[in-house]
Amino acid sequence: MTQALDRIRVGSAPDSWGVWFPDDPQQVPWERFLDEVADAGYSWIELGPYGYLPTDPARLTDEVAKRDLKVSAGTVFTSLHRGPSVWESTWEHVGQVAALTQAMGAKHLVVIPSFWRDDKTAEIIEPSELTTEQWAHLTKGMERLGHEVKETFGLDIVVHPHADTHIDTEAHVERFLDSTDSDLVNLCLDTGHYAYCGGDSVKLIETYGERIGYLHLKQVDPEILADVVSNGVPFGPAVQRGVMCEPPAGVPALEPVLAAAQGLGVDLFAIVEQDMYPCAPDKPLPIAVRTRAFLRSCGA
């Protein structure tokens, strides 16, 4: 008998339709994404890159409502390890996205740290290890962001460990959590990115359960990942090789992750994100339908 995962709210995101940028000729139009994500059986979505979906709240409210969709979160990109000098530009970007997220009735803002390697050219932009001072900037900056976002917009920030960023491996994720206040900052655990960087999602949920505020569900293909790691392939080209694969073909197994998350006893979003940029326009929908069916078979 499959355990009913009644605390898990499943959704999807533009990412699962090959969308990484606000505007790109290789991406499906936003109307098609909304139509197909609803057709695939999801009721929750994320905003994706700011500017992909309409940014006028009244227009977007109408578009999601007529498809029986609701918004779970917005996403922002930050470089807070660079210190107070980047605060104003960060807040300008965050404020735009947070205002739309709030207007859509969502309660979460997913925060992605900046990349140390260029996603397209593979050029190393800065060291992959932060200095002690940069760690202090990063953790204090995230706490400030969490406070300001909560005060101004009523949203909770959830920081997303991500491949090719400074919050990636188990050691970095644990250092980040140990250095931040749980009242201000929690985690968006992305099962695929964490596995990509060698982490164990179930162990993290069991060890730092009170810090898990949001989930992204994805899997990695272990054979492709092994090649990516041994050859130092950047995340963008790794995605083009198919490193993020359709569940349940990859790792980690999602059933134990979902069971551990259910065991926390709190309501959690679990948003499917299978990175596929760039992909053929007809590829995402059948995968989304199969993935939704698979998650139902897990009880979600």
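For the single chain, residues carry numbers from 1 onward in sequence order.
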Just say parallel, tilted or perpendicular for the rings of H216 and Y214, cut-offs at 30° and 60°.
perpendicular

Can you check whether [Y]'s main-chain N or O pairs, donor with acceptor, with [X]'s side chain at less than 3.5 Å?
| X | Y | answer |
| --- | --- | --- |
| R32 | P281 | yes |
| H193 | A163 | yes |
| T180 | K140 | no |
| N231 | V233 | no |

What are the two closest non-hydrogen atoms of [X] and [Y], and how far apart are they?
| X | Y | answer |
| --- | --- | --- |
| L34 | V64 | CD2-CG1, 4.4 Å |
| P54 | R59 | CB-CG, 3.8 Å |
| L295 | V272 | CD1-CG2, 3.5 Å |
| A238 | Y196 | CB-OH, 3.5 Å |

Within the 6.0 Å centroid threshold, strictly below: F115 and F235:
no

Please tabulate, for the side chains in residues 38-45, all donor-acceptor contacts under 3.5 angstrom to protein atoms that are two or more places apart in sequence or on a different chain.
unit_1: Y42; atom_1: OH; unit_2: A288; atom_2: O; d: 3.0
unit_1: Y42; atom_1: OH; unit_2: R292; atom_2: N; d: 3.3

As a quick check of understanding, evaluate side-chain contact (heavy atoms from CB on, under 4.5 Å) for L69 and V71, giving each step before the final call.
CA-CA 7 Å; L69 295 168; V71 174; over 6 Å; no

Can you measure from CD1 (I167) to CZ (R175) and round to the nearest 0.5 angstrom?
11.0 Å

Hey, what do you get for OH (Y194) to CG (D168), rounding to the nearest 0.5 Å?
10.0 Å

Would H172 and W135 satisfy ring pair (Phe, Tyr, Trp, His ring centres under 6.0 Å), going step by step from the backbone distance to the final call?
CA-CA 10 Å; H172 287 162; W135 267 108; 5.8 Å; yes

Please name the residue in the list Y52, W20, W17 that meets the ring pair (Phe, Tyr, Trp, His ring centres under 6.0 Å) test with Y277.
W20

Enumerate donor-acceptor pairs with a distance under 3.5 Å from any side-chain N or O in residues 239-264 to protein atoms, sequence neighbours excluded.
unit_1: R241; atom_1: NH1; unit_2: D227; atom_2: OD2; d: 2.6
unit_1: E246; atom_1: OE1; unit_2: R290; atom_2: NH2; d: 3.0
unit_1: E246; atom_1: OE2; unit_2: R290; atom_2: NE; d: 2.7
unit_1: Q262; atom_1: OE1; unit_2: D6; atom_2: N; d: 3.2
unit_1: Q262; atom_1: OE1; unit_2: R7; atom_2: N; d: 3.0
unit_1: Q262; atom_1: NE2; unit_2: D6; atom_2: OD1; d: 2.6

Indicate whether the side chain of Y208 and that of D178 have a donor and an acceptor atom separated by less than 3.5 Å.
yes

